[in-house]
Amino acid sequence: MSTTAASPYRRTHTCGALRPADVGRSVLLCGWVNSYRDHGNLIFVDLRDRFGITQLVFDREDGAHEVQELADRLRNEDVISVSGKVRIRVGGPNPKLATGEVEVVVGALHILNKTVAPPFLPDDLSALPNEELRLTHRYLDLRRPRMQQILGLRHRVTKIARDYFDENGFLEIETPVLYKSTPEGAREFLVPSRLQPGEWYALPQSPQLFKQILMIAGCDRYLQICRCFRDEDPRADRQAEFSQIDLEMSFVQREDVMAMMEGFARRLWKEALGIEVPPIRRMSYREALETYGIDRPDLRYGLPIADISEIARKADFKVFQDALIKGADRPRFSSKRGVVKALRVPGGAEKLTRKITDGYTEWAKTFGAGGVAVVKLTPAGFETGIAKFIEPLRAELTAALSLQPGDTALFVADVYSVATKTMGELRQKVARDMGLVPEWGKAWEFLWVIDFPMFEKNKDTGKWVASHHPFTAPRHDQQAAFVAAPESDEDVIESMVSAGYDLVLNGSEIAGGSVRIHDPAVQSKVFSLLGLTPQQAQEKFSFLLDALKFGAPPHGGIAFGLDRLIMHLAGTENIRDVIAFPKTQTGADLMTHAPGPVTSAQLRDLHVASTWTPPAKK
RNA sequence: GGGGCGGUAGCUCAAUUGGUUAGAGUACCGGACUGUCGAUCCGGUGGUUGCGGGUUCGAGUCCCGUCCGCCUCGCCA
């Protein structure tokens with residue numbers, strides 16, 4: 001490509017810029033051939049870049065012969081530059097395009113990069129190719145306007161975050177990616193040290209301790225848009241490598257952090273979608289679990305869950321009795337205590353067919369429940385399913401559940417933890433089956449969930465684990481009681497409520513945080529309850545315990561899951577849609593082929609030997 | 001680690017109960033065409049049905065194994 005005085009790449013406009021006001025101008029555009037319509041002596045080319053599409057016209061009558069010959073060979077996704085004159089479209093406007101009133105009559109054409117036939121065309125009209133192919137040719141996939149829009153949205157969100165928190169006195173500070181292993185919590189990615197044989201770094205699950213240290217360092221308010229790593233199996237909304245909008249504030253209680261975040265959410269929705277977020281309501285963890293069976297309730301529909309254990313106790317029905325006998329001596333919300341949970345489905349008698357409700361039982365087993373009992377209310381009484389067992393209790397149940405003729409009631413009987421979880425999942429499934437979930441953009445149900453328990457018992461080991469993380473403080477009004485609480489008294493420990501908070505949107509957790517412990521005595525007690533000896537605590541977290549002794553301000557913070565946030569704002573169900581270069585279910589990057597092998601010399605440098613031997617072939 | 005769904009032309013899909021030479025649209029190649037805009041019209045190339053084994057007179061279709069992708073349970077302080 002010869003470049004004379006004028007570079008053939010020096011654009012005067014983008015492909016989304018030209019308007020009738022530009023008519024008569026000589027312009028130079030660069031971009032990709034989005035489509036071409038070849039009429040022989042008249043050729044139309046839609047030229048595309050990130051900013052839009054502009055129609056080019058090659059006309060043999062008033063164009064040079066060589067240009068026409070060149071244009072005749074143009075194919076989708078060729079990269080070209082053209083110069084020519086803007087004019088009003090001769091064939092009438094195209095209302096689908098922002099530039100649809102004008103066209104560029106091309107005088108000169110440079111083919112900057114001729115493409116081979118691409119495996120798929122990056123348009124939003126045709127059916128998406130399978131995801132494997134999209135990920136393999138990510139550079140093609142990202143050319144699609146929809147993907148460009150999401151990339152742009154993500155950029156705007158992080159910009160708004162930086163602006164908002166800057167205006168509120170936050171300092172953006174980077175923290176290490178090569179960190180130290182803290183094996184509590186998620187499985188970690190490890191990095192061997194070359195300079196210290198046998199020693200390892202870990203990639204951070206979050207910058208949690210660094211941001212606390214920054215508060216102790218007097219930074220007052222910290223922000224970071226940071227990458228976090230958790231080596232766990234992915235889900236539709238979860239990747240091993242993900243991003244957080246992470247922040248921490250000094251001299252605050254939970255109200256201050258929540259207010260700051262609420263302001264951010266309000267600003268985001270306003271600027272990104274033009275939507276006003278009303279004051280965000282709050283709900284205790286206990287209420288969320290009791291009424292919705294989950295700690296992140298989706299409030300876009302009703303379907304509250306009821307505990308009907310006391311009524312069910314009177315039923316001559318073995319499934320109920322067997323469940324209720326379990327842990328009967330345990331306190332009310334003990335995870336081991338048997339309960340019967342019920343869900344009223346208004347109008348379910350007609351919509352929830354036998355086939356659907358039969359499916360619920362199979363599906364409930366994946367959550368460890370025995371099944372789902374079903375009954376329909378007709379004017380004549382209960383019908384189908386377990387009707388004969390509970391008909392004597394019809395009056396009580398109808399009152400307790402506000403049942404109307406035409407409703408279906410679903411029951412799960414099991415120990416509290418299983419029944420609650422199963423019912424919570426069932427509620428969401430029923431909402432989908434009943435068509436109660438609004439389509440994207442129609443409802444934004446924000447919710448703060450607060451008053452989480454400090455600790456939960458691990459069901460396998462029987463040990464206490466921190467519900468949030470070990471640096472979460474007890475709720476403001478419980479600090480003294482916590483320090484005084486005898487470690488051996490399970491009921492007291494289980495009743496301790498933390499100063500944590502989760503921000504939930506439409507049933508998905510988009511942010512979570514807490515006020516942190518800033519008192520070394522409290523921190524030591526937490527470590528002790530978690531089963532760490534003072535020596536172990538010292539080994540793992542000496543830097544934090546030390547720092548807490550050198551003048552630690554009260555502080556708290558929160559982290560927004562950036563990827564999930566973008567999913568909500570973009571209206572996609574798939575986290576890979578909001579990450580430029582995502583990984584597959586098996587942690588592979590199909591474009592770069594990571595992970596891949598390394599040489600034995602590399603391993604030797606790192607003082608590492610692989611124990612992996614490929615399975616023998618035949 | 002468990003469960004489910006999928007893999008057929010470059011791409012998106014079809015192929016009856018296991019039965020002829022595996023089809024269509026699109027892309028690609030060639031041709032026609034001066035106002036299209038997902039241009040149109042005519043013609044053409046293109047297939048190890050993911051891979052390996054098995055059952056069968058006969059396998060895209062059934063069985064076993066395996067690879068890849070997706071969803072999910074466990075897991076995700």
Side-chain angles (χ1 to χ4, degrees), chain A residues 34-46 53-63 68 72-73 75-77 89-97 99-100 103 105 115-137 140 182-188 205-206 208-209 228-240 242 362-368 421-422 425 454-456 458-460 463-472 500 509 512 514 526-527 530 532 540 561 573-574 576 583-586 588 590 615 617-618:
Chain A
N34 193 64
S35 66
Y36 58 95
R37 297 173 290 280
D38 187 345
H39 293 230
N41 289 323
L42 181 70
I43 300 172
F44 298 98
V45 169
D46 287 347
I53 286 178
T54 299
Q55 173 165 286
L56 312 177
V57 186
F58 298 85
D59 192 333
R60 193 181 289 277
E61 269 187 9
D62 47 41
Q68 205 68 14
D72 193 48
R73 300 213 314 270
R75 291 297 179 268
N76 291 331
E77 301 308 309
R89 286 192 181 211
V90 174
N94 180 352
K96 290 181 195 166
L97 299 179
T99 63
E103 61 190 11
V105 191
T115 185
V116 297
F120 60 91
L121 292 178
D123 63 61
D124 290 335
L125 294 167
S126 38
L128 282 176
N130 79 53
E131 194 152 11
E132 218 171 325
L133 199 71
R134 292 177 59 194
L135 293 173
T136 304
H137 301 277
L140 293 179
T182 52
E184 294 79 18
R187 191 180 297 113
E188 297 173 317
Q205 299 176 38
S206 84
Q208 179 60 35
L209 292 179
C228 304
F229 306 87
R230 294 177 191 174
D231 189 6
E232 302 289 353
D233 288 4
R235 288 288 185 275
D237 63 350
R238 209 170 81 189
Q239 287 252 308
F242 63 100
E362 273 318 297
W363 171 84
K365 288 177 181 167
T366 66
F367 303 102
K421 160 111 183 162
T422 305
E425 297 291 336
M454 286 281 289
F455 304 97
E456 291 162 13
N458 179 297
K459 42 186 176 296
D460 298 327
K463 289 183 175 175
W464 291 114
V465 293
S467 310
H468 184 50
H469 58 53
F471 319 106
T472 301
E509 181 196 327
S514 61
V526 169
F527 285 149
L530 294 177
L532 290 179
K540 290 182 180 187
E573 306 270 284
N574 178 340
R576 291 176 301 282
K583 291 180 174 59
T584 68
Q585 197 91 184
T586 54
L590 297 180
K617 284 180 183 171
K618 276 212 244 199

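Proteins get letters first, then strands, A, B, ... in listed order; numbering begins at 1 in each.
Along RNA chain B, the nucleotide closest to L42(A) and the one closest to L135(A) are compared, and the more 5′ of them pairs with L42(A). For the pair L128(A) and Q205(A), nearest-nucleotide mapping onto RNA chain B gives the more 5' position to L128(A).
Rounded to a whole Å, the NZ atom of K583(A) is 17 Å from the P atom of rC68(B). The separation between K540(A) atom NZ and rA77(B) atom C1' is 11 Å, rounded to whole Å. Per the geometry, CZ belonging to F58(A) stands 19 Å off P belonging to rC33(B), to the nearest Å. In this structure, L590(A) places its CG atom 16 Å from P of rC67(B), rounding to the nearest Å. Distance CD (E362(A)) to P (rU72(B)): 19 Å, rounded to an integer number of Å. A straight line from CG of D124(A) to C1' of rC11(B) spans 16 Å, rounded to a whole angstrom. Distance R134(A) CZ to rG10(B) P: 21 Å, rounded to the nearest Å. Residue E232(A) contributes atom CD, which lies 16 Å from atom P of rU72(B) at whole-angstrom precision.
Between the CD atom of E77(A) and the OG atom of S35(A) there is a distance of 10.0 Å, given to the nearest 0.5 Å. Here the CG atom belonging to D59(A) is positioned 5.5 Å from the CG atom belonging to L42(A), to the nearest 0.5 angstrom.
On the C1' atoms, rU17(B) is 14 Å away from rG58(B), given to the nearest whole Å. Spacing between rG25(B) and rA9(B) at atom C1', rounded to whole Å, works out to 12 Å. When the C1' atom is compared between rU40(B) and rG4(B), the two are found 45 Å apart, to the nearest whole Å. Remark: the separation of the C1' atoms in rG47(B) and rA39(B) is 30 Å, to the nearest Å. If you take atom P in rG50(B) and the same atom in rC11(B), they sit 12 Å apart, rounded to whole Å. Of the P atoms belonging to rU16(B) and rG6(B), the separation is 15 Å, rounded to the nearest Å. Of the C1' atoms belonging to rU61(B) and rU8(B), the separation is 11 Å, rounded to the nearest Å. The gap from the C1' atom of rU55(B) to that of rC64(B) amounts to 11 Å, rounded to the nearest Å.
At a threshold of 4.0 angstrom between heavy atoms, the contacts of S206(A) include nucleobase atoms, whether or not backbone atoms are also involved. Heavy atoms of I43(A) sit nowhere under 4.0 angstrom from any nucleic acid atom. At the heavy-atom level, D59(A) lies under 4.0 Å from base atoms of the strands shown. Looking at heavy-atom distances under 4.0 Å, K421(A) makes contact with sugar-phosphate atoms alone, never a base. When heavy atoms are screened at a 4.0 angstrom cut-off, E131(A) is found touching the sugar-phosphate backbone but no base atom. Backbone-only contact: R576(A) has heavy atoms under 4.0 Å from sugar-phosphate atoms and none from a base.
rG38(B) is unpaired under the Watson-Crick or G-U wobble criterion, no partner having all donor-acceptor distances under 3.5 Å. Nucleotide rA24(B): paired with rU12(B) (Watson-Crick or G-U wobble, both distances less than 3.5 Å). Remark: rC75(B) base-pairs with no nucleotide in the shown strands. Criterion, Watson-Crick or G-U wobble with two distances under 3.5 Å. rC5(B) and rG69(B) make up a base pair, with Watson-Crick or G-U wobble contacts both under 3.5 Å. Look at rG46(B): it lacks any Watson-Crick or wobble partner with both distances under 3.5 angstrom.
Here the shortest heavy-atom pairing between F367(A) and K421(A) reads CD2-CE, 3.6 Å. Nearest heavy atom pair, residue G512(A) against residue H468(A), reads C-CE1, 4.3 Å. Of all the heavy atoms in L530(A) and W464(A), the pair that sits closest is CD2-O, 3.5 Å. Here the closest non-hydrogen pair linking M454(A) and V526(A) is CE-CG2, 4.3 Å. Across all non-hydrogen atoms, the minimal contact from R134(A) to L128(A) is NH1-CD1, 3.6 Å.
Nearest nucleotide to the N76(A) side chain, out of rC28(B), rC75(B), rG69(B): rC28(B). Comparing rA77(B), rG74(B), rC70(B) by their nearest atom to the side chain of H469(A) picks out rA77(B). Here rC73(B) is the nucleotide among rU34(B), rC73(B), rC28(B) with the atom lying nearest to any side-chain atom of D233(A). Listed candidates were rA27(B), rC75(B), rC70(B). Nearest to the side chain of Q585(A) is rC70(B). When distances run from any side-chain atom of A236(A) to the nucleotides rC71(B), rG74(B), rA77(B), the shortest one goes to rC71(B).
In this structure, K463(A) does not reach the rA77(B) phosphate: none of its side-chain N or O atoms is under 4.0 Å from OP1 or OP2. An OP1 or OP2 oxygen of rG69(B) is reached within less than 4.0 angstrom by a side-chain nitrogen or oxygen of T586(A).
For R576(A) and Q585(A), the side-chain atoms include no donor-acceptor pair closer than 3.5 Å.
A donor and an acceptor atom never sit less than 3.5 Å apart when one is taken from the side chain of N130(A) and the other from the base of rG6(B). Side chain R230(A) to base rC76(B): no donor-acceptor pair is found below 3.5 Å.
Residues satisfying the salt bridge (Lys or Arg N to Asp or Glu O under 4.0 Å) test with R238(A), not counting sequence neighbours, are none. For N41(A), the side-chain contact (heavy atoms from CB on, under 4.5 Å) partners are R60(A), not counting sequence neighbours.
Between K540(A) and E184(A) there is a salt bridge, since at least one side-chain N of the basic residue sits less than 4.0 Å from a carboxylate O of the acidic one.
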Going 5' to 3' through nucleotides 36-46 of chain B and flagging B where a protein heavy-atom sits under 4.0 Å of the base, S where only the sugar-phosphate is that close, and - otherwise, we get BBSB-------
